[in-house]
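Let me begin by presenting the structure, written as structure tokens, before commenting on it.
Note that ligands are numbered from 1 as they come in the structure, with each ligand's atoms numbered from 1 the same way.
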Amino acid sequence: MEKTLVIIKPDGIERGLMGEIISRYENKGFKITDCKMIKADREILEKHYAEHREKSFYGELISYMTRGKVLVMIIEGNNVIEIIRKMHGKTNPLDAEMGTIRGDFANSATENVVHASDSKESAEREISIWFS
Ligand SMILES: Nc1nc2c(ncn2[C@@H]2O[C@H](COP(=O)(O)OP(=O)(O)OP(=O)(O)O)[C@@H](O)[C@H]2O)c(=O)[nH]1
Ligand SMILES: [Mg+2]
């Protein structure tokens with residue numbers, strides 16, 4: 001069964017959106033097979049977001065992701081990687097369609113509530129970073 005790595009980011013936890021978001025994955029028929037709520041440190045986030053190290057928003061991204069707890073989950077199901085990316089919506093809040101998690105709950109380029117792996121390779125890499 002295909003697996004993906006999903007994170008509810010600090011703004012999602014602070015705003016009390018965990019239940020709403022988890023329900024969407026479960027209602028879609030996906031299974032949460034592992035999860036943990038942690039305050040992520042800089043070291044793990046530098047690994048997770050290594051591809052963005054040179055970007056202008058990197059510093060802001062790391063301070064946002066370390067400011068509070070995150071809920072990290074492994075979710076399994078048919079085509080779960082691509083379907084959850086669709087359920088999250090586009091990164092830019094102006095492009096995120098209504099009905100997606102970002103479309104419904106985010107208005108900021110940085111604070112966009114959720115993360116999900118974008119390919120099988122990313123999912124394997126991210127699961128080994130967060131659950132090793
Ligand atoms: N301020 C700002 N933040 C950005 C921008 N692009 C990306 N980010 C932040 O960096 C995260 C990672 O960027 P990407 O991997 O390109 O976007 P994504 O795959 O839709 O989001 P993730 O599922 O979190 O990886 C985003 O979710 C945002 O939190 C940007 O142009 N400006
Ligand atoms: Mg990404």
Salt-bridge contact [X]-[Y] (side-chain N to carboxylate O under 4.0 Å):
X	Y	answer
Arg42	Glu46	yes
Glu111	Arg15	no
Glu124	Lys120	no

So is [X] polar-close to ligand 1, meaning N/O to N/O under 3.5 Å?
X	answer
Thr91	yes
Glu51	no
Tyr64	no
Glu60	no

Any atoms of ligand 1 less than 4.0 Å from a non-hydrogen atom of [X]? List them with their elements.
X	result
Asn112	26 (C), 27 (O), 28 (C), 29 (O)
Tyr49	12 (C), 24 (O)
Leu61	9 (C), 10 (O), 11 (C), 29 (O)
Ala116	23 (O)

Out of curiosity, is [X] lining ligand 1, as in a heavy atom under 4.0 Å away?
X	value
Glu126	no
Arg85	yes
Lys9	yes
Asp118	no

